[in-house]
Amino acid sequence: MDRALDLAARGLYTTTPNPRVGCVLVREGAVVGEGWHARAGEPHAEVYAVRAAGEKARGSVAYVTLEPCSHTGRTPPCADALVAAGVTRVVVAMQDPNPLVAGAGIARLRAAGIPVHVGLREAQARRLNAGFVSRMTRGRPWIRAKVAMSLDGRTALGNGESQWITGEEARVDAHRLRARSCAMLTGLGTVRRDDAALTVRAVETSRQPYRLVVDNRLETPLGAKVLQGAGAVLLTVCTDEARARSYRDRGVDIAVLPAASNGRVDFRAMALHLGQRAFNEVTVEAGSRLLGPLLEAGVIDEFVFYVAPSLLGEGAAGVVQLVPLTSLSARVELAVDSVSPVGRDWRIVARTAVGQGV
């Protein structure tokens with residue numbers, strides 16, 4: 001199963017909107033076939049593994065990171081492929097949360113007389129596909145916030161300068177987050193201040209994520225880098241068709257969303273809208289004025305902090321802008337998943353309360 005998970009991770013940057021899945025076939029203690037799912041529309045992991053094994057698949061045990069599908073989509077059911085291949089047992093890391101499957105693949109295998117064991121390395125499998133699980137169970141993507149900061153929790157100087165707080169290795173690692181994301185999300189303030197393209201450049205990728213800008217009144221400069229090329233979307237509450245047309249004429253998508261009580265984009269409605277677009281993972285790169293409200297709205301599942309061994313001091317910008325707390329009991333608690341060095345910096349991955357339930 002560990003090998004199957006490693007294979008599944010090969011699809012980290014390419015499988016969206018499908019889950020990342022790996023499969024290993026073992027007969028008489030030896031691997032006879034293995035495969036992984038690369039991209040939507042192509043064969044699933046089980047099919048590649050069966051093809052690689054050939055006749056040796058008969059009598060083998062299949063280890064697969066996600067329940068074999070039972071429905072016909074772009075490809076035939078993988079449960080049927082395993083039955084036809086003659087496997088004698090199937091070990092599944094986790095049940096598929098997709099309502100079109102959700103146990104039906106396991107039931108089909110058992111109906112064919114094939115024993116199925118579920119739950120081996122389930123936590124690792126769920127982590128690998130947190131975005132897919134989130135979209136299938138909550139109707140919205142897994143939303144992570146990437147933050148580059150100093151050791152004293154500062155993300156920019158008082159004058160706005162922030163390039164570069166962290167080192168090159170951390171910046172390359174952050175581009176890996178972009179590469180695995182279906183979309184990047186930022187706010188108008190960050191666009192005006194940094195004019196970032198939000199594209200993947202530091203690592204090899206076969207696709208670029210969508211670029212999303214929260215722009216309540218449609219004020220993003222038409223020449224902004226984030227709007228150049230396909231895949232730019234403005235998330236707004238503005239219904240002024242003349243304003244919208246100036247962007248649409250340049251190929252920018254406009255998504256008019258419900259407004260919250262403050263008249264700005266309702267972030268919970270936004271998250272559901274992004275789920276409807278079949279986004280599994282969305283990474284936020286924004287300042288404290290957007291991160292704070294996103295956190296308070298309960299739509300941030302995870303923080304990825306890149307922490308530089310430096311101090312910026314009083315007057316520099318903080319990570320999130322929250323409603324002032326009057327008691328420590330109201331503080332935002334995070335569950336740290338991992339701490340690891342990245343060049344001269346440190347990467348801390350931590351889940352919020354809403355992310356811990358996925």
Side-chain angles (χ1 to χ4, degrees), residues 13 16-17 130-131 134-135 138-148 155 162 174-201 205 207-221 224-238 247 252-260 264-306 319-321 349 351-352 354-355:
Y13 304 151
T16 182
S134 175
R135 184 164 64 86
R138 303 187 298 180
R140 70 168 184 85
W142 179 265
I143 300 179
R144 72 169 60 87
K146 169 261 175 180
V147 178
T155 61
S162 62
H175 273 253
R176 294 190 183 98
L177 289 182
R178 290 185 181 185
R180 67 178 290 170
S181 301
C182 303
M184 300 295 300
L185 175 68
T186 193
L188 176 59
T190 301
V191 170
R192 284 174 167 167
R193 184 180 65 250
D194 298 337
D195 195 22
L198 293 185
T199 53
V200 181
R201 300 180 301 279
T205 183
R207 62 168 187 85
Q208 289 289 341
Y210 281 78
R211 286 106 49 220
L212 317 174
V213 181
V214 177
D215 181 356
N216 293 291
R217 293 186 291 272
L218 291 181
E219 298 173 320
T220 301
K225 292 178 182 177
V226 74
L227 299 186
Q228 308 312 308
V233 183
L234 295 181
L235 306 171
T236 187
V237 294
C238 180
Y247 293 102
V252 178
D253 190 3
I254 305 295
V256 180
L257 301 174
R264 299 174 181 176
V265 168
D266 183 316
F267 291 132
R268 293 183 181 181
M270 177 196 75
L272 293 174
H273 172 80
L274 299 181
Q276 291 168 0
R277 285 178 175 260
F279 293 160
N280 289 339
E281 296 183 19
V282 173
T283 297
V284 183
E285 292 190 16
S288 62
R289 294 178 62 185
L290 180 57
L291 284 182
L294 285 171
L295 184 61
E296 290 175 330
V299 299
I300 294 182
D301 298 299
E302 176 183 79
F303 279 93
V304 179
F305 299 103
Y306 293 95
V319 173
V320 294
Q321 191 174 96
V349 181
R351 295 192 186 200
T352 64
V354 294

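Just so it is clear, the values below take in all heavy atoms, side chains as well, and ignore hydrogens, waters and symmetry mates.
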Inset, instruction - Tell me, yes or no, whether the heavy-atom count around Arg289 atom CZ, taken from other residues, nucleotides or ligands under 6.0 Å, exceeds 12. - result: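 It does not: Arg289 CZ has 12 such atoms or fewer within range.
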Could you check if a side-chain atom of [X] sits within less than 4.5 angstrom of a side-chain atom of [Y], using non-hydrogen atoms only?
X      : Y      : result
Thr186 : Val214 : no
Val256 : Val237 : no
Phe305 : Val319 : yes
Phe303 : Lys146 : no
Val233 : Val213 : no
Arg277 : Asp253 : yes
Asp195 : Val226 : no
Arg201 : Arg178 : yes

Least distance between heavy atoms, [X] atom then [Y] atom:
X      : Y      : answer
Pro141 : Ala271 : CD-O, 3.3 Å
Tyr13  : Arg207 : O-NE, 2.9 Å
Ala224 : Val191 : CB-CG1, 3.8 Å
Ala232 : Leu227 : CB-CA, 3.8 Å
Ile300 : Leu291 : CD1-O, 3.9 Å
His175 : Thr199 : CE1-O, 3.4 Å

Inset, instruction - Give a yes or no on whether the backbone of Val200 and the side-chain of Gln208 come within a donor-acceptor separation of less than 3.5 Å. - result: yes
Inset, instruction - Kindly say whether Pro17 contributes a backbone atom to a donor-acceptor pair with the side chain of Arg135 at under 3.5 angstrom? - result: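 Checked: pair present.
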Inset, instruction - Just do the side chain to side chain contact (heavy atoms under 4.5 Å, CB included) check on Tyr247 and Leu218 with the steps written out, would you? - result: CA-CA 9 Å; Tyr247 293 102; Leu218 291 181; 4.0 Å; yes
To the nearest 0.5 Å, what is the distance between [atom1] on [X] and [atom2] on [Y]?
X      : Y      : atom1 : atom2 : answer
Thr283 : Leu198 : OG1   : CG    : 10.0 Å
Leu212 : Leu235 : CG    : CG    : 5.5 Å
Thr236 : Glu219 : OG1   : CD    : 9.0 Å
Arg351 : Arg144 : CZ    : CZ    : 10.5 Å
Ser181 : Glu285 : OG    : CD    : 8.5 Å
Glu302 : Trp142 : CD    : CH2   : 5.5 Å

Legend entry - Intermediate values then yes/no, side chain to side chain contact (heavy atoms under 4.5 Å, CB included), Val252 and Leu234: CA-CA 7 Å; Val252 178; Leu234 295 181; 3.9 Å; yes
Legend entry - Derivation and outcome, side chain to side chain contact (heavy atoms under 4.5 Å, CB included), residues Phe267 and Leu295: CA-CA 10 Å; Phe267 291 132; Leu295 184 61; over 6 Å; no
Inset, instruction - Report the C-alpha distance between Ile143 and Val284 in whole Å, list the side-chain angles of each, state the deciding distance to 0.1 Å, and finish with yes or no for side chain to side chain contact (heavy atoms under 4.5 Å, CB included). - result: CA-CA 7 Å; Ile143 300 179; Val284 183; 3.7 Å; yes
Inset, instruction - Tell me, please, which residues at least two apart from Tyr210 pass ring pair (Phe, Tyr, Trp, His ring centres under 6.0 Å). - result: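 Checked Tyr210 against ring pair (Phe, Tyr, Trp, His ring centres under 6.0 Å); matches are Phe279.
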Inset, instruction - Examine the side chains of Thr220 and Asp215 and answer whether a donor and an acceptor come within less than 3.5 Å of each other. - result: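 Side chains of Thr220 and Asp215: pair found under 3.5 Å.
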Legend entry - Where at least one partner belongs to residues 265-275, residue pairs that pass salt bridge (Lys or Arg N to Asp or Glu O under 4.0 Å), sequence neighbours excluded: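 Found none.
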Legend entry - Listed partners of Arg264 passing salt bridge (Lys or Arg N to Asp or Glu O under 4.0 Å), at least two apart: none
Legend entry - Check ion pair Arg140-Asp301 (N to O, under 4.0 angstrom):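 The answer is yes: the pair qualifies as a salt bridge.
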